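Please read these numbers as outputs of a predicted model, since none were measured by experiment. Chain letters run A, B, ... following the sequence lines, proteins first and then strands; every chain starts at 1.
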Protein chains: 2
Amino acid sequence: MADRKHIPDPTLLRMCTYLRVLERHSGPTISSAGIAEAAGVNAAQVRKDLSFFGDFGRPGVGYHVDELTAGVQRAMGLDRERRAVIVGAGALGSALISYPGFQARGFRIAAIFDSNPAKVGHILRSFEVMPMSELANTVASENVTIGIITVPRVGAQDVADTLAEAGVAAIVNFAPITLRVPPHVRLRNVDLTQQLEALAYYLGD
Amino acid sequence: MADRKHIPDPTLLRMCTYLRVLERHSGPTISSAGIAEAAGVNAAQVRKDLSFFGDFGRPGVGYHVDELTAGVQRAMGLDRERRAVIVGAGALGSALISYPGFQARGFRIAAIFDSNPAKVGHILRSFEVMPMSELANTVASENVTIGIITVPRVGAQDVADTLAEAGVAAIVNFAPITLRVPPHVRLRNVDLTQQLEALAYYLGD
DNA sequence: CAGTGTGAAGCGCTTCACAGCT
DNA sequence: AGCTGTGAAGCGCTTCACACTG
């Protein structure tokens, strides 16, 4: 795939919301105002966001829902299956294995790994927990492009190194630490406490 | 508490990272460059962020770690315990009950609820799953200010309404839907698939 | 002299407003 | 007339640069 043109990160994140709105919308067409209303954003924002990916709309009519959905999914690279592995068979890891939202968007969990021998071999929602020694193999043979880190903070950097070495193209990190990864590996962090902390600032005594 | 002055949302989210850097730092002082390096941001950004909360630094020296930590925690309202309830005793809810990061920042889970009678009464990591009918009681008697929604999409708006009615001041929503809440209730959304989808745009074929 | 705090510049996202299409 | 796509304006966050301080 050629390098894709830059799209603002906030736009990419909003696309996810728009797709959900389209999914739940009944009727053949929808206007930017309709999407905006359901997504809780400005209508001009919706039109500008969508225009990054192509000219999907028809003046006077709006957007054809099926056409827009397909177009956006293709433009965002969501029209094919992506394989991911989860590293960390703790509570969070086992919650993510069966998270319905991943399947629905074409992300398929290929396997789950843990460095703790006591966990290896156990069955977690139909997945057998694999030892770290198998990671590189699985990534290569199962065509895995995404690594999801759900280990505690102390082990996270090692896991990131292992994943990068194994050849994943992207890492989603749930551990509360700033990871270093090679420049060709895309990294995104999800911090579960961040939102709570930001909230605390506005809460009363 | 009086209305607090506006602080940019990105700043509030970064504070969380800074606090972790301070926690792990050994030595009595640290410079903005040191924090920036560990947090992966610009040093000027760090100084500007911190200056929103007070003048903590000393020219030529840097920041006194203990003093800064305490100052930031107090300024952000993280120096006292906050009670939260989780609604949704599924995989995600049960992962969040025991999430160590919450405790570490003063967020205490008071109880977990579920509308499914089959789940009520079961013990989840030492918490007995409570029926929804108990929610308002618990919020009032346990001084709960935060509600965390981990139910599937279809039930989320009802849960948000119930939480708002019960009097929580803030809601953290993990369900993939745009919620409507009364203006006095602070709402933050955490979307687990968003990060993966945004990633997909940059992944190859 | 090392390092903070901050005015001002820079930059990018958001919103407006309207030409143009159906 | 209704609604999109978009140039331009608006606005806020980020970065720079430096006066100032211990």
Side-chain angles (χ1 to χ4, degrees), chain A residues 4-18 21-22 25 27-72 75 178 194 198 201-202, chain B residues 4-18 21-22 25 27-72 75 178 194 198 201-202:
Chain A
R4 303 191 168 209
K5 75 169 172 185
H6 171 77
I7 291 185
D9 210 63
T11 294
L12 288 176
L13 296 174
R14 278 190 299 269
M15 295 312 293
C16 183
T17 308
Y18 299 160
V21 168
L22 294 176
H25 181 76
T29 65
I30 188 170
S31 66
S32 62
I35 298 174
E37 156 71 20
V41 302
N42 183 291
Q45 181 81 82
V46 172
R47 292 198 298 277
K48 181 139 293 193
D49 284 341
L50 294 180
S51 74
F52 279 111
F53 297 95
D55 286 11
F56 298 112
R58 295 186 198 180
V61 179
Y63 301 87
H64 196 280
V65 174
D66 293 344
E67 190 183 314
L68 179 57
T69 302
V72 168
T178 307
Q194 234 178 20
Y201 177 72
Y202 294 104
Chain B
R4 303 192 166 205
K5 75 169 171 184
H6 171 77
I7 290 185
D9 209 64
T11 294
L12 289 176
L13 295 175
R14 278 191 299 269
M15 296 311 292
C16 183
T17 308
Y18 299 160
V21 168
L22 295 175
H25 180 76
T29 66
I30 189 170
S31 66
S32 61
I35 298 175
E37 155 71 20
V41 301
N42 183 291
Q45 181 82 81
V46 173
R47 293 199 296 279
K48 181 138 293 191
D49 284 342
L50 294 179
S51 74
F52 279 112
F53 297 95
D55 286 11
F56 298 113
R58 294 184 199 180
V61 179
Y63 301 87
H64 196 280
V65 174
D66 293 345
E67 190 182 312
L68 179 57
T69 302
V72 167
T178 307
Q194 233 177 22
Y201 177 71
Y202 293 105

Report summary line: note: F53(A), atom CZ; dG5(D), atom P; distance rounded to Å ~ 14 Å

Report task. Measure the distance from CD1 on I7(A) to P on dT14(C) and round it to the nearest whole Å. Result -> 13 Å

Query - L50(A) CG to dT14(C) P, straight-line distance once rounded to whole Å - result: 13 Å

Query - Set of residues satisfying side-chain hydrogen bond (donor to acceptor under 3.5 Å, both in side chains) with respect to T69(B), sequence neighbours excluded - result: none

Requested in this report: Return the value, rounded to whole Å, for the distance between atom CD1 of I35(A) and atom P of dC3(D).
Outcome: 13 Å

Report summary line: Taken to the nearest whole Å, CG/D9(B) to P/dC13(D) is 9 Å

Query raised in the report: What pairs with N42(B) under side chain to side chain contact (heavy atoms under 4.5 Å, CB included), at least two apart in sequence or on another chain?
Result: A44(B), Q45(B)

Requested in this report: List for me each residue that meets side chain to side chain contact (heavy atoms under 4.5 Å, CB included) alongside T11(A), sequence neighbours excluded, and say none if there are none.
Outcome: I7(A), P8(A), R14(A), M15(A), D49(A), F52(A), F53(A)

**Report entry** Between dC13(C) (P) and L13(A) (CG): distance, integer Å
**Finding:** 12 Å

Query raised in the report: Within less than 4.0 Å of OP1 or OP2 of dG5(C), is there a side-chain N or O belonging to S51(B)?
Result: no

Query raised in the report: Could you state the OH-C1' distance from Y63(A) to dG2(D), rounded to the nearest angstrom?
Result: 13 Å

**Report entry** Selected nucleotide, minimal atom distance to P10(A) side chain, candidates dT14(C), dT4(C), dT4(D)
**Finding:** dT14(C)

Requested in this report: Apply side chain to side chain contact (heavy atoms under 4.5 Å, CB included) to E67(B) and list each qualifying residue two or more places apart in sequence or on a separate chain.
Outcome: R58(B), H64(B)

Requested in this report: Would you mind reporting whether Y18(A) and V72(A) have side-chain heavy atoms less than 4.5 Å apart?
Outcome: no

Report summary line: With sugar-phosphate taken as primed atoms, P, OP1 and OP2 and all else as base, the protein-contact string of nucleotides 16-22 of chain C at under 4.0 Å (heavy atoms; B, S, -) is BB--BBS

Query raised in the report: Is the distance from OP1 or OP2 of dC13(D) to the nearest side-chain N or O of H6(B) less than 4.0 Å?
Result: yes

Query raised in the report: At what distance, to the nearest 0.5 angstrom, does OG of S31(A) lie from CD of E37(A)?
Result: 10.0 Å

Query raised in the report: Listed by chain and number, what are the side chain to side chain contact (heavy atoms under 4.5 Å, CB included) partners of A36(A), not counting sequence neighbours?
Result: V41(A), A43(A), V46(A)

Query raised in the report: Taking only side-chain nitrogens and oxygens of R14(A), does any of them come within less than 4.0 Å of OP1 or OP2 of dC13(C)?
Result: no

Report summary line: Q45(B) CD to dG10(C) P, in whole Å, measures 18 Å

